[in-house]
Amino acid sequence: MSAKKKLQKRKRSKSLQRLLSFCKPYRGKLYAAMIFAFLYVALSLTAPVLLGYAIDKAVGKGMVDFAGIAVLLIMVGVSAGSSALFGWLMNMFTYSVAYLTTRDMRRMVYSKFNSTPLSYIDSSPHGDLLSRLINDVDAVADGLLQGITKLFSGSVMIIATLGFMLVISPPIALVVVIITPLSMFVAAFITRLSQRQFREQSEIQGELSTRIEEYIGRQRLVKAFSFEEDSVSEFEEINERLRVSGQKSQFYSSLANPSTRFVNGIVTAAVCIVGSLSAMNGAISIGQIATFITYANQYTKPFNEVTGVIPQLQAALAGADRVFAVLDEQDEYPPDSECEETEGRSRGELDINHISFSYNPQRPLITDFTLNVDHAKRVAIVGPTGCGKTTFINLLMRFYDIQSGTIMLDGKSIYELKRSSLRSQFGMVLQDSWLYSASVRDNIAYGKPDATIEEVIAAAKKAHIHRFIERLPDGYDTMITEAGDNLSQGQRQLMCIARVMLCDPPMLILDEATSSIDTRTEIKIQQAFSEMMKGRTSFIVAHRLSTIREADIILVMKDGNIIEQGSHDELIAAGGFYRELYTSQFAPSA
């Protein structure tokens, strides 16, 4: 065996052990399933013995013992009924273990999304992450159901049947045992063929989920740029690769069952031949031959079931590998458990000293950035696209961590504070507004779930959206569809503004907060923001420079550095890069 194959084998074994470790909390249910499996097998194997006795009574010399046969048939019926009951109980406990286990796994994956750095979420296709959470965990559930039920009950069936056969006729049992490994060899060979295809199939499913999520979520853009045919072509190309991969994996795995059934046919034929010769010599009765044939089929049946479950097991292991890849991602460091809470309401004094940051080590973005912000100052950040304005906000909120330097809030490093505590000191209104499927009231109260309806209404009035909400069919109880698609972009942004006004944070971050609002409403919102920013440290990221003229200090950024700073009038008078940006926006068109 090559080193690569040995490594793959160890990896599969490790994945299987890790997968089974998720079942540990439900050992009681698992043990109950095993007990019922044992009883199910024992009673299943009792029926053939009783039928063998009945056959011997029917074909024996002299009068047929109908009374004895009737008693035996009743016993067979009781045995079969009890076996069915215990089989049902076994399945019930098995299903419970499988679904509880995958529930825990799905919960862990979802929690992991919340504990990993934002860089991991940003750099991973969202459709692929969804596929891991849904499709791959479902594949694990199917594999666990099939694996626990078939493998354990099958193992018990093999051992118990072999024991019964050895009691009846060791020579015939030896024939069965000699031929059966051929079935196992065939199954192992086909497993190796199908494993790679199932792994590839899971990866393509993730790719397809990503494309579907992108195109369905951005249908307006697809239609606006007449990209329908291209999107269909891309979808069909990935879908075709999934079909080919799925077809290959099913083709290889489907070879297992008929191949092992062929071997089983050989086993049955051998039993009939050897059994007939033994009966001619008087070593075994007709009824025992019938019993032995039944046992031979039951002995080989678990091998059929195991080979039949290979596709689910392969898909489960492939899905588990993708799930474990998420769970093995590094959490945010340091963890919040090692950090402190902020002491009450922040004063909003920020000292940023010589920080550097880049998304890609080969492409520096922010280098040696220094800024001191006093309490209640309004800081505007302007500059060309890609200069680092939004990145600076991400660093303040610890969505990303700096590579060097320090950021101090009220004299304490933000890296000593819990992320949730730090972020609660900021209220953010972004250019991309986000709403979720809930009522208008719940969306506005997203940052303050215990807010009263009076507080929600007051915030909506400040954001100048109260009248619009009143005109909705159910007012503040109106349900918003996914992503707020039943509202205009401007209405969604006003709701996000109301959300921040309700939270009443000590610091504000406005990242193009009024970019989707009409000019008349924008004037009112700017007035509301002006009132709200009194006594609060505020950061305003803006492309429309007319919105930041009242800022206490304007930072002009270029290539990740502050190249100018001062008030609007000072920067205009200086005649530098800011003046160039400002005049370019208000210069008359040619």
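Remark: the backbone N or O of E349 is not paired with any side-chain donor or acceptor of D374 at under 3.5 angstrom. No donor-acceptor pair closer than 3.5 Å links the side chain of S245 to the backbone N or O of R241. Not one N or O on the side chain of S131 forms a donor-acceptor pair closer than 3.5 Å with the backbone of S209. In this structure, the side chain of R499 does not engage the main chain of G447 through any donor-acceptor pair within 3.5 Å. Not one N or O on the side chain of T370 forms a donor-acceptor pair closer than 3.5 Å with the backbone of N353. In this structure, E570 contributes its side chain and S567 its backbone to a donor-acceptor pair below 3.5 Å. Of the possible donor and acceptor atoms, one in the side chain of K389 sits under 3.5 Å from a partner among the backbone N and O of P384. At distances below 3.5 Å, at least one donor-acceptor pair connects side-chain atoms of H375 with backbone N or O atoms of R347.
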Worked check of salt bridge (Lys or Arg N to Asp or Glu O under 4.0 Å) between R441 and D474 | CA-CA 11 Å; R441 175 179 178 176; D474 298 311; over 6 Å; no
Would K448 and E455 satisfy salt bridge (Lys or Arg N to Asp or Glu O under 4.0 Å), going step by step from the backbone distance to the final call?
-> CA-CA 10 Å; K448 189 179 179 182; E455 292 175 317; 3.4 Å; yes
Between R398 and I407, is a side-chain contact (heavy atoms from CB on, under 4.5 Å) present by the stated rule, with each step listed?
-> CA-CA 10 Å; R398 286 199 65 191; I407 301 177; over 6 Å; no
Mind running side-chain contact (heavy atoms from CB on, under 4.5 Å) on F468 and L487 for me, showing each step along the way?
-> CA-CA 11 Å; F468 164 75; L487 302 175; 3.7 Å; yes
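Using modelled atom types, one finds no donor on one side chain facing an acceptor on the other under 3.5 Å when comparing N394 with T391. There is a side-chain donor-acceptor pair under 3.5 Å between D511 and T390. For the residue pair S421 and E341, a side-chain donor N or O sits within less than 3.5 Å of a side-chain acceptor on the partner. A side-chain N or O of Y26 and one of D104 form a donor-acceptor pair less than 3.5 Å apart. In this model, a donor atom of one side chain and an acceptor atom of the other lie less than 3.5 Å apart for S115 and D331.
Using a cut-off of 4.0 Å between Lys/Arg side-chain N and Asp/Glu carboxylate O, K558 and E564 are scored as not salt-bridged. Ionic pairing of R243 and E240 is present here: one or more N-O contacts between side-chain nitrogen and carboxylate oxygen are shorter than 4.0 angstrom.
When each of V373, L510, L508 is checked for a side chain to side chain contact (heavy atoms under 4.5 Å, CB included) with F539, only V373 meets the rule. A side chain to side chain donor-acceptor pair (under 3.5 Å) with R106 holds for exactly one of D136, D138, T101; it is D138. Checked against E340 for a salt bridge (charged side-chain N to carboxylate O under 4.0 Å, His left out), the options K412, R419, K418 give a single hit: K412.
Shown here for L502 and I444, the closest heavy-atom pair between the two residues is CD2-O, 3.6 Å. Here the closest non-hydrogen pair linking Q403 and F357 is OE1-CA, 3.0 Å. Shortest non-hydrogen contact noted between A380 and A551 is CB-CB, 3.8 Å. Across every non-hydrogen atom of Y578 and I554, the tightest pair is OH-CD1, 3.7 Å. In terms of heavy atoms, V456 sits closest to A445 at CG2-CB, 4.2 Å. Listed here is the closest heavy atom pair of D442 and A438: CB-CB, 3.9 Å.
Other residues, nucleotides and ligands place no more than 12 heavy atoms under 6.0 Å from the OH atom of Y446. Environment of OH in Y359: crowded, with over 12 heavy atoms of neighbouring residues, nucleotides or ligands closer than 6.0 Å.
Looking only at side-chain heavy atoms (C-beta outward), I563 and M557 stay at 4.5 Å or farther from each other. Proximity of S346 to L409: side-chain heavy atoms (C-beta onward) are separated by under 4.5 Å at one or more points. Side-chain contact check for L422 versus M397: every heavy-atom pair is 4.5 Å or farther apart. You'll find the side chain of L350 stays beyond 4.5 Å of the side chain of L371, heavy atoms only. Taking 4.5 Å as the limit, some side-chain heavy atom of V382 sits within range of a side-chain heavy atom of I548. Two residues are said to be in side-chain contact when any heavy atoms from C-beta on lie closer than 4.5 Å; R492 and I480 fail this criterion. Counting heavy atoms from C-beta on, the side chains of T406 and Y415 never come closer than 4.5 Å. Side chains of F392 and I352 form a contact here, defined as non-hydrogen atoms less than 4.5 Å apart.
Taking CG of N372 as the reference point, atom CD1 of I553 lies at 9.5 Å (rounded to 0.5 Å). The distance from the CD1 atom of I212 to the OG atom of S231 is 11.0 Å, given to the nearest 0.5 Å. Rounded to the nearest 0.5 angstrom, M479 CE and S439 OG are separated by 6.0 Å. Between the OG atom of S424 and the CZ atom of R345 there is a distance of 10.0 Å, given to the nearest 0.5 Å. For the atom pair CZ of R378 and OG1 of T537, the computed distance is 11.0 Å after rounding to the nearest 0.5 Å. The structure places CD of E200 at 9.5 Å from CG of L242, a figure rounded to the nearest 0.5 Å.
Figure legend: cation-pi geometry between R211 and F235 absent, as NZ or CZ is not positioned both under 6.0 Å from the six-membered ring centre and within 45° of its axis.
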Just list the side-chain donor-acceptor pairs under 3.5 Å for residues 118-128, sequence neighbours left out, or say none.
| residue | atom | partner | partner atom | Å |
| --- | --- | --- | --- | --- |
| D122 | OD2 | Y400 | OH | 2.5 |
| S123 | OG | S119 | O | 2.8 |
| S123 | OG | Y120 | O | 3.2 |
| S124 | OG | Y120 | O | 2.8 |
| H126 | NE2 | I121 | O | 3.3 |
| D128 | OD1 | R322 | NH1 | 3.4 |
| D128 | OD1 | R322 | NH2 | 3.0 |
| D128 | OD2 | R132 | NE | 2.9 |
| D128 | OD2 | R132 | NH2 | 3.2 |

